[in-house]
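These notes concern the structure reproduced below.
Just the heavy atoms: all of them, side chains too, but no hydrogens, waters or symmetry mates, feed the values below. Numbering of ligands and ligand atoms starts at 1, following listing order.
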Amino acid sequence: MTTQPDEIKVEVKNLTKYFGNLHVLDDISFNIKKGEFVCVVGPTGCGKTTFLNLLTRIYSPTRGDLFIDGESADPKKHNLAFVFQEPSAFPWLTVEKNLRFGLEIKKLPKDVIDERTEMIIKMLGLQELRNSYPHQLSVSSEQRIIIGRAFAMNPDLLLMDEPYGQMDVKLRFFLEDEVIRLWQELGTTVVFITHNIEEAVYMAQRILILSTKPTTIKEEVIVDLPRPRRFDDPKFVAIRNAVTEKIKWW
Ligand SMILES: Nc1ncnc2c1ncn2[C@@H]1O[C@H](COP(=O)(O)OP(=O)(O)O)[C@@H](O)[C@H]1O
Ligand SMILES: [Mg+2]
């Protein structure tokens, strides 16, 4: 499949969301390109998770809409995958069966399921753990399985909602690199929500900085640093400082 460099994957158009009288999202518009890696940073309660829930139609917009490949977002039509903050591997399934699960639900042919599962097991180095159960794994291995499961779905769009919030720094660095590697190899479009500015600068091609409620996009920052990125690269530090400067909510 060839991808036009500037093909739009997601279009958010005048998106406004109220919960009762609570004005959460205020007339937000932006695009995400196919294959792009976008990080969204914003204060607690500004509506980041709400935005994802609007994309998956758990909630409906008050005004405006979200489009995927030019069509109003529809979880039945569009293949969205989620990684949440808490690891959520199915405890009663082995690693391999966790990876196969979503593909079996989609009733893909067995050879396709075999092939994708093997690819992800190999890419994540899970060969030794394939017959283990989630409770036998460390938190980082469990989160790797969730990430692998999400990429195995070959999603139109991978949505990650503060997936490393609770992890210590070493695990976080390791899993950040895993996601970057999978993204580079598979070309998935990724929306990654985080609280952590350094994480956003490390991962994103573009960072959207949100305001407090009623929430708008305060600033957009392009991160055009080569990879692998280094936290002590002066250019990295300069961008991190510039983003921090633009954030007045903590
Ligand atoms: N189902 C809901 N009903 C009422 N208020 C909600 C609901 N979901 C979220 N909110 C409110 O909307 C705001 C945004 O929430 P959320 O999207 O979870 O923020 P974030 O993920 O940025 O921390 C918060 O003030 C939250 O209390
Ligand atoms: Mg949230």
Check ligand 1 against Leu22 and write out every atom of the ligand that is under 4.0 Å from a heavy-atom position of the residue. 11 (C), 12 (O), 25 (O)
Give every protein N, O or S atom lying under 2.8 Å from the Mg ion (ligand 2), naming each by residue and atom. Thr49 OG1
Heavy-atom pair with the smallest gap, counting every atom of Ile180 and Phe37: CD1-CE1, 4.2 Å
For Leu55 and Leu80 the tightest heavy-atom approach is O-CD1, 3.8 Å
Parallel, tilted or perpendicular: ring planes of Trp92 versus Phe90, cut at 30 and 60 degrees: tilted
Begin from the C-alpha positions of Arg181 and Asp177 and carry the test salt bridge (Lys or Arg N to Asp or Glu O under 4.0 Å) through to its verdict. CA-CA 6 Å; Arg181 203 162 50 82; Asp177 285 341; over 6 Å; no
Answer yes or no for Lys170 and Phe174: cation-pi contact, defined as NZ/CZ to six-membered ring centre under 6.0 Å and angle to ring axis within 45°. no
Any protein heavy atom under 4.0 Å from atom 21 (O) of ligand 1? yes
The criterion is salt bridge (charged side-chain N to carboxylate O under 4.0 Å, His left out); which residues satisfy it with Lys213, sequence neighbours excluded? none
Given the rule in the salt bridge (Lys or Arg N to Asp or Glu O under 4.0 Å) test, do Glu118 and Lys122 qualify, once you have shown the distances and angles that lead to the verdict? CA-CA 6 Å; Glu118 288 315 310; Lys122 227 175 171 176; over 6 Å; no
If you compare all heavy atoms of Ile113 against all heavy atoms of Leu108, which two are closest, and at what distance to 0.1 Å? CD1-O, 3.3 Å
Check against ring pair (Phe, Tyr, Trp, His ring centres under 6.0 Å), Tyr164 and Tyr202: CA-CA 14 Å; Tyr164 310 140; Tyr202 187 70; over 10 Å; no
Which of the atoms of ligand 1 are close to Val24, meaning less than 4.0 Å from one of its heavy atoms? 12 (O), 13 (C), 14 (C)
For ligand 1 and Thr44, I'd like to know whether there is a polar contact (N/O to N/O, distance under 3.5 Å). no
Rounding to 0.5 Å, atoms CD1 (Ile209) and SG (Cys46) come to a distance of 11.5 Å
Provide, to 0.1 Å, the distance between atom 16 (P) of ligand 1 and the closest protein heavy atom, together with that atom's residue and name. Thr50 OG1, 3.6 Å
Looking only at distance, does Phe19 have an N or O less than 3.5 Å from an N or O of ligand 1? no
Specify the protein heavy atom at minimum distance from atom 14 (C) of ligand 1: its residue, its atom name, and the distance to 0.1 Å. Gly45 O, 3.3 Å
Would a 4.0 Å cut-off, counted as strictly less than, catch a protein heavy atom around atom 26 (C) of ligand 1? no
Distance under 4.0 Å to a non-hydrogen atom of Lys213: what atoms of ligand 1 satisfy this? 24 (C), 25 (O)
Residue and atom name of the nearest protein heavy atom (relative to atom 1 (N) of ligand 1), distance in Å to one decimal: Tyr59 OH, 3.0 Å
Side chain of Thr189, backbone of Gly35: donor and acceptor closer than 3.5 Å? yes
Result for side chain to side chain contact (heavy atoms under 4.5 Å, CB included) between His23 and one of Asp26, Asn21, Leu25 points to Asp26
Top protein contact for atom 18 (O) of ligand 1, by heavy-atom distance: Thr49 CB, 3.8 Å
So, does Cys46 sit close enough to ligand 1 that a heavy atom of it is under 4.0 Å from the ligand? yes
